[in-house]
Trainee: 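I have a structure here, written as structure tokens, and I will follow up with some questions on it.
From a predicted model like this one, the values you see are computed outputs, not experimental measurements. In what follows, every chain begins at residue 1, and chains take the letters A, B, ... in the order their sequences are listed.
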Protein chains: 2
Amino acid sequence: MPQTTNPHQLSERSLYLFKSLVEHFIADGQPVGSRTLARDIELELSPATIRNIMADLEDIGLLHSPHTSAGRIPTVKGYRLFVDSLLRVHQLNSREIERIAEELNPGQDKQALLKRTSNILSEITRLAGVVMLPRTEQQSLKRVEFVSLTDNRILVILVINESEIQNRIIHTARIYTPSELQQASNYLNDMFAGKDLPTIRSEILKELKRMKENVNQIMQTAIEMAQQAFMNIEPRDDYVLAGQTNLMDVAELCDVERLKKLFDSFNQKRDILHLLEQSIHAKGVQIFIGEEAGYDVLDNCSVVISPYEVEGQILGVLGVIGPTRMHYERVIPIVDITAKMLGSALNSYN
Amino acid sequence: MPQTTNPHQLSERSLYLFKSLVEHFIADGQPVGSRTLARDIELELSPATIRNIMADLEDIGLLHSPHTSAGRIPTVKGYRLFVDSLLRVHQLNSREIERIAEELNPGQDKQALLKRTSNILSEITRLAGVVMLPRTEQQSLKRVEFVSLTDNRILVILVINESEIQNRIIHTARIYTPSELQQASNYLNDMFAGKDLPTIRSEILKELKRMKENVNQIMQTAIEMAQQAFMNIEPRDDYVLAGQTNLMDVAELCDVERLKKLFDSFNQKRDILHLLEQSIHAKGVQIFIGEEAGYDVLDNCSVVISPYEVEGQILGVLGVIGPTRMHYERVIPIVDITAKMLGSALNSYN
DNA sequence: TTTAGCACTCTCCTGATTAGAGTGCAAAAC
DNA sequence: GTTTTGCACTCTAATCAGGAGAGTGCTAAA
């Protein structure tokens with residue numbers, strides 16, 4: 001009988017041993033030696049036999065010893081094999097599911113919901129939770145409102161898509177009365193509501209050019225204000241992160257230098273954002289282990305993320321960041337289910 | 001000649017030595033010994049003399065040796081004396097002032113301005129910057145708007161005071177047309193604009209009681225929606241913090257345990273908030289050194305804060321958090337001037 | 001093919017030693 | 001009386017050696 005479909009042509013037994021070793025290491029954090037493993041497993045094998053097998057596994061690149069007389073720990077490649085082929089994902093218990101559901105009830109503003117999602121992810125996994133904000137390639141204007149402040153300053157409220165709100169203050173040449181503002185916003189709502197922002201911008205520019213011919217005062221006021229209001233919409237924060245401090249308990253990362261680099265890159269957002277964006281078109285949970293992600297700061301870290309979607313359209317990505325040595329069998333279903341539940345929570349906004 | 005007005009009856013020379021020692025320690029971070037100090041100062045004194053004086057200073061409680069054969073470091077009481085009586089505050093150079101001014105231009109939403117302020121504080125001091133949000137004991141409604149979303153959900157936008165915006169989603173029994181919503185918001189604006197939230201709440205409750213007698217449909221709709229909208233306004237974030245990671249470079253705090261506790265208390269906000277609130281009625285820059293603040297997590301930390309005000313009315317508090325061993329002579333004027341500049345930036349909102 | 005035996009390696013802990021820094025005190029110098 | 005010198009003393013931090021423990025790899029036996 002051939003060794004069937006195993007990757008690396010490994011025997012069942014080797015795989016079993018490897019799996020046990022990884023599980024042991026994830027639980028313990030200490031390099032696992034042959035004797036320990038011999039005690040640990042179901043099979044009756046002597047440490048020597050296990051040593052031989054471990055040597056093979058090391059040759060293939062699945063294991064690695066920190067030094068001669070330490071046990072062995074999985075390499076990135078090893079984790080990869082473990083996660084892809086050996087891992088048996090847990091069922092979540094219903095209490096946890098309920099907890100997530102409770103936290104993810106809609107009925108709050110979208111931003112707050114995402115923040116809560118990030119929080120719950122971090123609390124339930126005891127790692128750092130991250131939720132990328134819905135991709136808004138399509139930002140369509142729902143409504144615009146003006147509120148006059150003192151002097152010639154006007155507060156502009158833009159409601160974009162469903163329930164996203166942007167506000168900014170603009171300055172006008174003269175002071176407008178509330179009813180003028182009302183007329184202006186009515187005009188703009190009639191003209192632009194339902195259109196997406198790039199379109200609106202180009203139409204505003206067109207209107208500005210035509211303006212000389214047209215002397216309608218309301219229109220002119222409205223367009224001038226719209227120009228200020230729509231032209232430089234600041235990009236929002238790109239993701240929300242929660243539970244960073246959980247990572248400070250993790251032994252592997254327990255060095256201030258490393259942690260600082262990691263936290264700094266969380267704040268800068270650039271690297272993490274790139275990583276999250278890679279998954280925006282993936283289906284289901286994706287896992288980046290250690291250096292796989294391609295960012296030095298994420299050495300010894302794994303990222304478990306999943307896109308979340310509403311009616312088949314992917315809106316964003318969420319997940320957790322933790323040490324490579326994490327409880328994948330728990331984390332994966334948590335990320336998975338949270339993505340699904342966030343999707344349906346967001347669904348109720350449309 | 002008596003020893004004049006010095007605190008602790010210290011001679012000029014002792015004070016000079018003490019000041020030099022503190023400055024040396026702040027620059028260096030190492031306990032300062034008699035020999036080092038002898039080299040460092042202007043006066044020609046032998047290490048032995050300095051030792052005698054340092055022993056006196058230690059007796060009074062201004063200095064402390066980590067152990068017999070280390071130099072000496074200032075105690076909290078020592079820092080207090082230094083900061084209150086010996087410190088010569090730097091003039092800020094104009095480049096720094098310009099930098100702050102640039103960052104604090106208004107013309108953005110208030111929240112963003114405060115965030116930027118916090119950022120600039122942390123960047124310029126290389127410590128953690130904190131800005132408490134304007135106290136809104138007085139929250140007066142400027143305007144309320146309704147935007148209908150899908151189904152029976154309605155987005156409520158509350159403009160409170162000047163330029164603060166709260167939004168929430170409410171659910172209604174039936175679906176309203178835009179014009180109904182318009183009428184409702186007109187009604188509520190007429191009724192409540194300019195009043196403060198507690199008043200509004202109590203009036204809403206009164207109206208609800210009277211409602212049976214009154215069958216005006218618009219009013220009923222409006223009041224029902226108002227009830228949902230105004231009743232549980234979530235308290236906003238209470239302060240914004242920036243540059244936490246700067247604290248990870250500080251040698252004194254360089255222990256992951258401590259840092260985690262500190263960061264956790266930043267996230268919980270409770271302790272820090274209490275501390276900030278203590279200064280809300282103070283005038284000018286206040287400094288809490290180490291245990292003075294009364295919170296364990298702030299051991300070895302100092303907090304330099306100042307209220308900021310608009311037209312004589314204190315709105316909030318801002319400042320920085322760093323190690324006790326910080327460059328007070330630089331940090332104090334930075335906090336001071338930033339508070340003033342934030343005040344005038346906010347002034348332009350009124 | 002598996003196991004037992006064994007020499008070997010590496011880490012970690014302990015204890016001893018030393019160099020260095022800094023102190024405190026007593027006696028001498030100013 | 002104040003300042004300095006000289007000196008014994010203390011404490012830390014670094015270095016080194018030695019031993020225990022864990023684990024390996026290899027060889028030979030089962």
Side-chain angles (χ1 to χ4, degrees), chain A residues 1 3 9-18 20-22 24-25 28-75 78 251-252 254, chain B residues 1-3 9-18 20-22 24-25 28-75 78 251-252 254-255:
Chain A
M1 204 184 195
Q3 298 211 327
Q9 307 299 92
L10 284 170
S11 69
E12 283 298 326
R13 196 180 62 174
S14 302
L15 279 179
Y16 169 70
L17 272 172
F18 174 71
S20 304
L21 187 147
V22 176
H24 196 105
F25 178 70
D28 234 48
Q30 298 302 316
V32 185
S34 54
R35 178 184 302 268
T36 318
L37 201 53
R39 268 197 307 268
D40 213 45
I41 58 176
E42 307 280 302
L43 274 54
E44 286 280 327
L45 282 178
S46 75
T49 313
I50 291 178
R51 277 204 290 283
N52 289 331
I53 297 171
M54 293 209 298
D56 294 345
L57 293 169
E58 184 159 6
D59 286 344
I60 310 176
L62 297 178
L63 293 181
H64 163 248
S65 311
H67 57 84
T68 356
S69 84
R72 277 156 168 121
I73 60 180
T75 59
E252 290 90 320
C254 219
Chain B
M1 204 180 193
Q3 298 213 328
Q9 307 299 91
L10 283 171
S11 70
E12 283 297 328
R13 196 178 64 173
S14 301
L15 281 179
Y16 170 71
L17 273 172
F18 174 70
S20 305
L21 188 147
V22 176
H24 196 106
F25 178 70
D28 234 50
Q30 297 302 315
V32 185
S34 53
R35 179 185 301 271
T36 318
L37 200 52
R39 268 197 308 267
D40 213 44
I41 58 175
E42 306 279 301
L43 275 52
E44 286 280 327
L45 283 178
S46 74
T49 313
I50 292 178
R51 277 205 290 282
N52 289 331
I53 298 171
M54 293 209 297
D56 294 346
L57 293 169
E58 182 157 7
D59 285 345
I60 311 175
L62 298 177
L63 293 180
H64 162 248
S65 316
H67 56 84
T68 356
S69 84
R72 278 158 167 119
I73 60 179
T75 60
E252 290 91 320
C254 219
D255 147 49

Trainee: Identify the two heavy atoms, one from A:F25 and one from A:P74, that lie closest to each other, and give their separation to 0.1 Å.
Mentor: CD2-CD, 3.5 Å
Trainee: Distance check needed: C:dT1 C1' versus A:I53 CD1, whole Å only.
Mentor: 11 Å
Trainee: When the distance from CG of A:D56 to C1' of D:dC26 is rounded to whole Å, what number comes out?
Mentor: 14 Å
Trainee: Quick one: B:L43 CG to D:dT2 C1', roughly how many Å, whole number?
Mentor: 14 Å
Trainee: Report the distance from atom CG of A:L17 to atom C1' of C:dT2, rounded to the nearest whole Å.
Mentor: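 Rounding to the nearest Å, CG of A:L17 and C1' of C:dT2 are 13 Å apart.
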Trainee: In the structure I gave you, are the side-chain heavy atoms of A:L57 and A:R72 within less than 4.5 Å of one another anywhere?
Mentor: no
Trainee: Measure from CZ on A:F25 to C1' on D:dG23 and round the result to the nearest Å.
Mentor: 16 Å
Trainee: A:S20 pairs by side chain to side chain contact (heavy atoms under 4.5 Å, CB included) with which of A:I41, A:L15, A:V32?
Mentor: A:I41
Trainee: Quick one: A:L21 CG to D:dT24 C1', roughly how many Å, whole number?
Mentor: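 The distance from CG of A:L21 to C1' of D:dT24 comes to 14 Å, rounded to the nearest Å.
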Trainee: Each nucleotide in nucleotides 23-30 of chain C should get exactly one letter: B, S or -. Can you fill that in based on protein heavy atoms under 4.0 Å?
Mentor: BB------
Trainee: What integer distance in Å separates B:L45:CG from D:dT5:P?
Mentor: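 Those two atoms, CG and P, are 11 Å apart.
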Trainee: Please find the pair of heavy atoms, one from B:G71 and one from B:P66, that lie closest to each other, and give the distance.
Mentor: O-CD, 3.5 Å
Trainee: Grab the two heavy atoms, one from B:L63 and one from B:E58, that are nearest each other, plus how far apart they are.
Mentor: O-CG, 3.7 Å
Trainee: If I take atom CG in residue A:L57 and atom P in nucleotide D:dG23, what distance separates them, rounded to the nearest angstrom?
Mentor: 17 Å
Trainee: Does some side-chain heavy atom of A:Q30 sit less than 4.5 Å from a side-chain heavy atom of A:T36?
Mentor: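 No, their side chains stay 4.5 Å or more apart.
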Trainee: Taking the side chain of B:S46 as heavy atoms from C-beta outward, which of D:dT3, D:dT4, C:dA4 is closest to it?
Mentor: D:dT4
